[in-house]
2 protein chains.
Amino acid sequence: MAILGFLRDFPLHGYDLKNRVASLAGHVRPIADGTLYPTIKKLEDAQCLTRRTAPGSVAAPRHMLEITQIGTDQLRRWLRDPEPGFVTDDNKWYVLLAFLHHLENPREQALVLARRREFLDQPAQLFFDEQGAPIPAERLESPFRKGLMQIHRSTNLTEIDWLDRQIVDLNRRAGFSVRQHDGV
Amino acid sequence: MAILGFLRDFPLHGYDLKNRVASLAGHVRPIADGTLYPTIKKLEDAQCLTRRTAPGSVAAPRHMLEITQIGTDQLRRWLRDPEPGFVTDDNKWYVLLAFLHHLENPREQALVLARRREFLDQPAQLFFDEQGAPIPAERLESPFRKGLMQIHRSTNLTEIDWLDRQIVDLNRRAGFSVRQHDGV
DNA sequence: ACAAGATATATCGACTCCGAGGTAGAAGAC
DNA sequence: GTCTTCTACCTCGGAGTCGATATATCTTGT
């Protein structure tokens, strides 16, 4: 998804893609060659991108990659209806967020944000005692577990706050465009 | 690591472990059976844990798992000198944090927190233009990317704040115990 | 002229993990 | 009685990823 998302911005070659993806995922951890190039080939076979050999500006010849209409459609499908992991896994969610603007329709964007919002609303219960009963943060003996829950709560609130403001904003914009479209 | 960490608290059987690990990793996403049971067997072969068959309280017989001295040592080694991924990947870091109290020595605990602190200090540059120059958050056109960087910065500050307080606290405690030990 | 090093693409084997499926025992439904 | 459901454990195949390795090209230093 990140590959198509970056290509949607402008054409790139594999080596450049590698660095851009690396700075996004996790943080800074580079994507291995053995992952990138087979994936590019797979996307090419699926006609999601085209390849044009260009002389390397600095060194060996590059394969400039360009996204196709099929690729754009595929990207939008992934964004519009993300797999559960993309909502519940922080790293994946951030990747999705980085490309959500390619899903042009503000109402659809708001729906995706709402799914994340819903997920964050679930109360986090991380630790349980021998009987399986949840242990509240104040009862935890380990200061690290206490901090873990504190940080978790605090960062969740930050994100929820941002999500709510975005969702309102997007729906307002969607409302305007509907009214314009209806001629009201 | 999570398996040994939980067992260090008290003996558990596989099914129970599964649920406890699930509520920690990512969030709530259950660990697959196909991952858990082979891993338990691997740890047993490495003599990190022992297995005792007990009648199931509700259904089929359980295998109660108990951590051994070898397992405890292994756990402490992992905690003391974590692989890079455990410092740079949020999910893995949280798992590590959940069991860091098993690394009893406050000075060693502080060192691990310091590694995370150092990682968080690196300025995050997530997006680049066609020429490869970094784009500051204010210049980003996508509100999602802007929010992404805002949230990233805000949550980092929260965690850094907590880390600093913990590190000071742990070093203070380490200092006391050294002085006590020296008879000062 | 030639070696060294950065750029750039590609492949292979090993490893991890998951999901689907299977076994089996006990409790509760009808 | 037997059927379903929940608990509990286990295995296999496939998908995905990584690290090592190989290759080609261009620049720079000597």
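Each chain gets a letter, A, B and so on, in the order the sequences are listed, and its residues count up from 1. The model shown is predicted, which means the values in this text are computed figures rather than measured ones. Basis for what follows: all heavy atoms, side chains included, without hydrogens, waters or symmetry-related copies.
Applying the side chain to side chain donor-acceptor pair (under 3.5 Å) rule to A/Arg77 yields the partners A/Gln74; only residues at least two apart in sequence or on another chain are considered. Applying the side chain to side chain donor-acceptor pair (under 3.5 Å) test to A/Asp73 and every residue at least two apart in sequence or in another chain returns A/Gln69.
Closest to the side chain of B/Arg62, from the set C/dA10, D/dA8, D/dT11, is D/dA8. The A/Tyr37 side chain lies nearest to C/dA10 when the options are C/dA10, C/dT16, D/dC10.
In this structure, B/Tyr15 places its OH atom 19 Å from P of C/dA24, rounding to the nearest Å. A straight line from NZ of A/Lys41 to C1' of D/dG16 spans 17 Å, rounded to a whole angstrom. Taking atom NZ of residue A/Lys18 and atom P of nucleotide D/dT17, one finds them 16 Å apart after rounding to whole Å. Atoms CG (A/Leu17) and C1' (C/dA10) sit 15 Å apart, rounded to a whole Å. Whole-Å rounding puts the A/Ile40 CD1 to C/dT11 C1' distance at 14 Å. Residue A/Leu43 contributes atom CG, which lies 13 Å from atom P of C/dA10 at whole-angstrom precision. Protein atom CG of A/Asp16 is 12 Å distant from nucleotide atom C1' of C/dT7, rounded to whole Å. For B/Asp89 and D/dT17, the CG to C1' distance is 14 Å, given to the nearest whole Å.
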Side-chain polar contacts of residues 142-149 of chain A - donor-acceptor pairs under 3.5 angstrom, sequence neighbours left out - could you list them?
{"unit_1": "A/Ser142", "atom_1": "OG", "unit_2": "A/Phe144", "atom_2": "N", "d": "3.1"}
{"unit_1": "A/Ser142", "atom_1": "OG", "unit_2": "A/Arg145", "atom_2": "N", "d": "3.1"}
{"unit_1": "A/Arg145", "atom_1": "NE", "unit_2": "B/Ala98", "atom_2": "O", "d": "2.6"}
{"unit_1": "A/Arg145", "atom_1": "NH2", "unit_2": "B/Asp9", "atom_2": "OD2", "d": "3.2"}
{"unit_1": "A/Arg145", "atom_1": "NH2", "unit_2": "B/Ala98", "atom_2": "O", "d": "3.2"}

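Residue B/His13 places no side-chain N or O under 4.0 Å from the OP1 or OP2 atom of D/dT7. In this structure, B/Arg51 reaches the D/dC10 phosphate: one of its side-chain N or O atoms is under 4.0 Å from OP1 or OP2.
Within the structure, the salt bridge (Lys or Arg N to Asp or Glu O under 4.0 Å) test picks out the following pairs touching residues 152-166 of chain B (sequence neighbours left out): B/Arg116-B/Glu159, B/Arg117-B/Asp164, B/Asp161-B/Arg165. Listed by first then second residue, pairs satisfying salt bridge (Lys or Arg N to Asp or Glu O under 4.0 Å) with a partner in residues 31-48 of chain A read A/Lys18-A/Asp33, A/Glu44-A/Arg51, not counting sequence neighbours.
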Discussion item. Checking A/Arg76 against A/Glu104 for the salt bridge (Lys or Arg N to Asp or Glu O under 4.0 Å) test, could you report, in this order, the C-alpha distance in whole Å, the side-chain angles of both residues, the deciding distance, and whether it holds?
Written reply: CA-CA 9 Å; A/Arg76 297 233 173 91; A/Glu104 289 157 357; 3.4 Å; yes
Worksheet entry | Nucleotide-resolved protein contact map, nucleotides 18-25 of chain D, B/S/- at heavy-atom distance under 4.0 Å | BB----BB
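Residues B/Phe119 and B/Leu111 do not share a hydrophobic cluster, defined by chaining ILVMFWY side chains whose heavy atoms lie under 4.5 Å apart.
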